[in-house]
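Order of listing sets the numbers, starting from 1, for every ligand and every atom in it. All values below come from the heavy atoms of this structure, side chains included, with hydrogens, waters and symmetry mates left out.
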Amino acid sequence: MRVAEAVGRGLAGLGVDTVFGVVGSGNFHLTNALVAGGARFVAARHEAGAAVMADAWARTTGRVGVVTVHQGPGLTNAMTGIAEAAKSRTPLLVLAAETPEIRSNFHVDVAALAAAVGAAADRVYSPASALADARRAYATALGRRTVVLALPLNVQGADCEPESVTAVRKAYPVAPSGEAVAALAGVLRGARRPVFVAGRGARGQRAVLERLADACGALLATSAVAKGLFRGNPWNLDVSGGFATPLAAELIRGADVIVGWGCSLNMWTMRHGKLIGPQATVAQVDDDPAALGAHRAIHLGVPGDVAETATAVAAALAEDGPRGEAGAGTVCVRYEGPGYRSEELRERIAGQGRWRDVPFGDESGGGRIDPRALSIALDDLLPAERTVAVDSGNFMGYPSMFWSVPDEAGFCFTQAFQAIGLGLASAIGAAVARPDRLAVAALGDGGALMGVSELETVARLGLPMAVVVYDDEAYGAEVHHFGPDGDPLDVVRFPPADIAAIGRGFGFDGVTVREVADLTPVRDWLAGARERPLLIDAKVTSEHGSWWLEEAFRGH
Ligand SMILES: Cc1ncc(C[n+]2csc(CCOP(=O)(O)OP(=O)(O)O)c2C)c(N)n1
Ligand SMILES: [Mg+2]
């Protein structure tokens, strides 16, 4: 058996059942072997799209995503998606064909490309080691790494002995030390207004975090990538950071203890530190010790798995006895109150906890719809069981802030690299992962046209997806960035494009929306069989930039 076939079948044997990619001669046999081994192959139209689909699929399922690309340009085309995945610590295995001939026109330095964007580089070295090499790369990916596995063409074509598959297991979670658990329990015992901010590393850990939050009276928030984690909890403040509601920002700023759970507490999540009051004690829990304090000074860093740490700290607090009864010998007597929680606060969160509850002046008119009015109307129309994927740009806060999602798996935010043009592919990967939910892609006109080739993928796969384009006929982020300085803006403005017609050309139902009343066909589509995907070209107002964008530019 040739190495290409053995590796493909071997990976399928490890449980790889979904593979994204674009096939050329260098990954043809490998891809067919994966299919022969039982995997579903999802063909993208551009490698950046393929990599992002695999990334989004991995985020949505919590499993290792796999993408396969042709040598040379296949890999370079995929690099933006690989960079996004690497920066997000997505478990992703990139199967990259490699031409070993240094004089070949296809030759690129695969390992250097991987390293340049923070991905791990590995290689299938020889026919004898091929399966072990593939297993090792898969195991590295399982440890939340993006791995580029180079598959040299000469090794792929060589014969090897097929080998039975050995399962690869995830490493055991990092247990926190007893000392660190006691320290965090001590901080929470003394907390009067604790707030938990859960990040990517806390996805899937709702129950343990809620238990601990109940024990110490903490309010709950997430970073943008974990939006939805605490959906429906009466103490949920939703997203912390640029997207935070005025109420959430006020309450987080008022916290005396902030605990980041699997959350880097970076400039986005903490608004450059402005969400941290001068009185706040900041603690951070992360299974990667290098992440502790990496973005800002912290008072306490706990190296440990989120679930293990939360469980151990909750047990330590439980030893104090029920609320109001500090255990004998306990020095701190704080553990009697409801922490930050009160009936008054519960009511405020219920009444003002969502962006759509915050009053605004609707600026719709003159054939353009206010993106806030559009977003609220769509939030009402779209089914609750949805997966939302958001591209980058000035518009991105509207869907992120005004739309609810059913849980953290229902929000796919591929924004670590802040590349535009990835949102549609994110929605495709998430849609493949969760066919039970309606995938909704929110794009700007710039990102939509950059990633336009994947509209064909949506139609070909028969995904019942809704694509919403916030169309301001511009690179709005740049218009609003430079407009106030009086700079010429012609280079970032475009003539009107009929994106609904473009969608129809790809096999979508296309709707142009200029006011809320134009959404009737959307209601009909949602109520119908959804046989074709839907593209909504919303001609939005763009008088001024979004408030979160101003914040974001401070990070440039
Ligand atoms: C790949 C890539 N190229 C360029 C940029 C710089 N950039 C950031 S936002 C933006 C404009 C995006 O336009 P659009 O998708 O229409 O969204 P809008 O800002 O208008 O809401 C650009 C060009 C980027 N982030 N990524
Ligand atoms: Mg735009």
Side-chain angles (χ1 to χ4, degrees), residues 46-49 51-52 55 76-88 116-117 224 242-243 268 363 368-375 378 389-403 413-427 441-455 467-484 487-500 502-503 512-514 535-556:
H46 190 290
E47 287 86 351
V52 176
D55 178 346
T76 55
N77 260 1
M79 285 316 296
T80 305
I82 295 171
E84 167 63 36
K87 287 173 188 294
S88 297
V117 296
F243 295 165
W268 312 106
E363 294 171 1
R368 308 203 78 92
I369 184 168
D370 188 310
R372 294 165 294 185
L374 169 76
S375 302
L378 284 172
V390 185
D391 208 339
S392 204
N394 174 65
F395 81 91
M396 68 195 270
Y398 299 113
S400 304
M401 294 152 82
F402 287 84
W403 291 356
F413 199 62
T414 40
Q415 298 285 349
F417 202 25
Q418 280 191 304
I420 67 167
L422 307 186
L424 178 60
S426 299
L443 318 175
D445 50 306
L449 292 173
M450 187 177 280
V452 74
S453 61
E454 303 304 349
L455 288 177
V467 177
V468 182
V469 182
Y470 288 76
D471 184 358
D472 63 353
E473 294 153 10
Y475 289 155
E478 317 307 345
V479 167
H480 300 302
H481 191 171
F482 296 105
D487 289 314
L489 297 171
D490 294 349
V491 292
V492 285
R493 285 205 165 117
F494 295 89
D498 188 347
I499 298 178
I502 291 171
T512 303
V513 171
R514 298 179 179 278
L535 192 144
I536 303 166
D537 181 17
K539 305 290 188 185
V540 294
T541 57
S542 56
E543 295 316 300
H544 29 77
S546 51
W547 54 102
W548 63 85
L549 191 72
E550 280 174 31
E551 193 64 36
F553 285 143
R554 297 185 57 228
H556 280 223

Open item on the list: With a 4.5 Å cut-off on side-chain heavy atoms, are H480 and S542 touching?
Closed with: yes
Open item on the list: Looking at every non-hydrogen atom in both residues, tell me the closest pair between G397 and F243 and how far apart they are.
Closed with: CA-CE2, 3.8 Å
Open item on the list: Which option wins on minimum heavy-atom distance to atom 8 (C) of ligand 1: E478, M396, Q418?
Closed with: E478
Open item on the list: I'd like to know if the Mg ion (ligand 2) has an N/O/S atom from A474 within less than 2.8 Å of it, counting both backbone and side-chain atoms.
Closed with: yes
TODO: Could you confirm whether D471 has any N/O/S atom lying under 2.8 Å from the Mg ion (ligand 2)?
DONE: no
TODO: May I ask you to check whether F395 has an N/O atom sitting below 3.5 Å from an N/O atom of ligand 1?
DONE: yes
Open item on the list: From the N, O or S atoms in D445, identify the one nearest to the Mg ion (ligand 2).
Closed with: OD1
Open item on the list: Quick test of your reading of the structure: of G393, G447, G397, P371, whose heavy atom lies closest to atom 15 (O) of ligand 1?
Closed with: G447
- [ ] Measuring from the Mg ion (ligand 2), name the closest N, O or S atom belonging to D472.
- [x] OD1
TODO: Check each heavy atom of A474 against ligand 1 and say whether those closer than 4.0 Å belong to the side chain, the backbone, both or neither.
DONE: backbone
TODO: Looking only at protein heavy atoms, identify the closest one to atom 14 (P) of ligand 1 and say how far it is in Å.
DONE: G446 N, 3.4 Å
- [ ] Give yes if a backbone or side-chain nitrogen or oxygen of G476 is under 3.5 Å from a nitrogen or oxygen of ligand 1, and no if not.
- [x] yes
TODO: Among all protein heavy atoms, pick out the one at the shortest distance from atom 13 (O) of ligand 1; state its residue, atom name and that distance to 0.1 Å.
DONE: Y475 CD2, 3.3 Å
TODO: State, to 0.1 Å, how close D471 and R368 come at their nearest heavy-atom pair, and which atoms those are.
DONE: O-NH2, 3.0 Å
Open item on the list: Tell me whether I420 has any N or O atom under 3.5 angstrom from an N or O of ligand 1.
Closed with: yes
Open item on the list: Could you walk me through whether V479 and N394 satisfy the side chain to side chain contact (heavy atoms under 4.5 Å, CB included) test, starting with their C-alpha distance in whole Å, then the side-chain angles of each, then the deciding distance to 0.1 Å, before giving a yes or no?
Closed with: CA-CA 9 Å; V479 167; N394 174 65; over 6 Å; no
Open item on the list: I need the minimum non-hydrogen distance between K87 and F417, along with the two atoms involved.
Closed with: CE-CD1, 3.4 Å
- [ ] Measure across V52 and G81 and return the closest heavy-atom pair with its distance rounded to 0.1 Å.
- [x] CG2-CA, 3.7 Å
- [ ] Please confirm whether G421 comes under 4.0 Å of ligand 1, counting heavy atoms of the residue only.
- [x] no
Task: Contact summary for S426 and A389, nearest pair of heavy atoms - done: CB-CB, 3.8 Å
Task: Which atom of D55 lies closest to which atom of A85, heavy atoms considered - done: OD2-CA, 3.3 Å
TODO: Please determine if D472 has a nitrogen or oxygen closer than 3.5 Å to a nitrogen or oxygen of ligand 1.
DONE: yes
Open item on the list: I'd like to check which ligand 1 atoms, numbered from 1 as shown, lie under 4.0 Å from a non-hydrogen atom of A419.
Closed with: 26 (N)
Task: Any donor-acceptor N/O pair, W268 side chain to G242 backbone, under 3.5 Å - done: no
Open item on the list: In the structure I gave you, are the side-chain heavy atoms of V390 and F395 within less than 4.5 Å of one another anywhere?
Closed with: yes
TODO: Among all protein heavy atoms, pick the one closest to atom 9 (S) of ligand 1 and tell me residue, atom and distance.
DONE: A477 CB, 3.5 Å
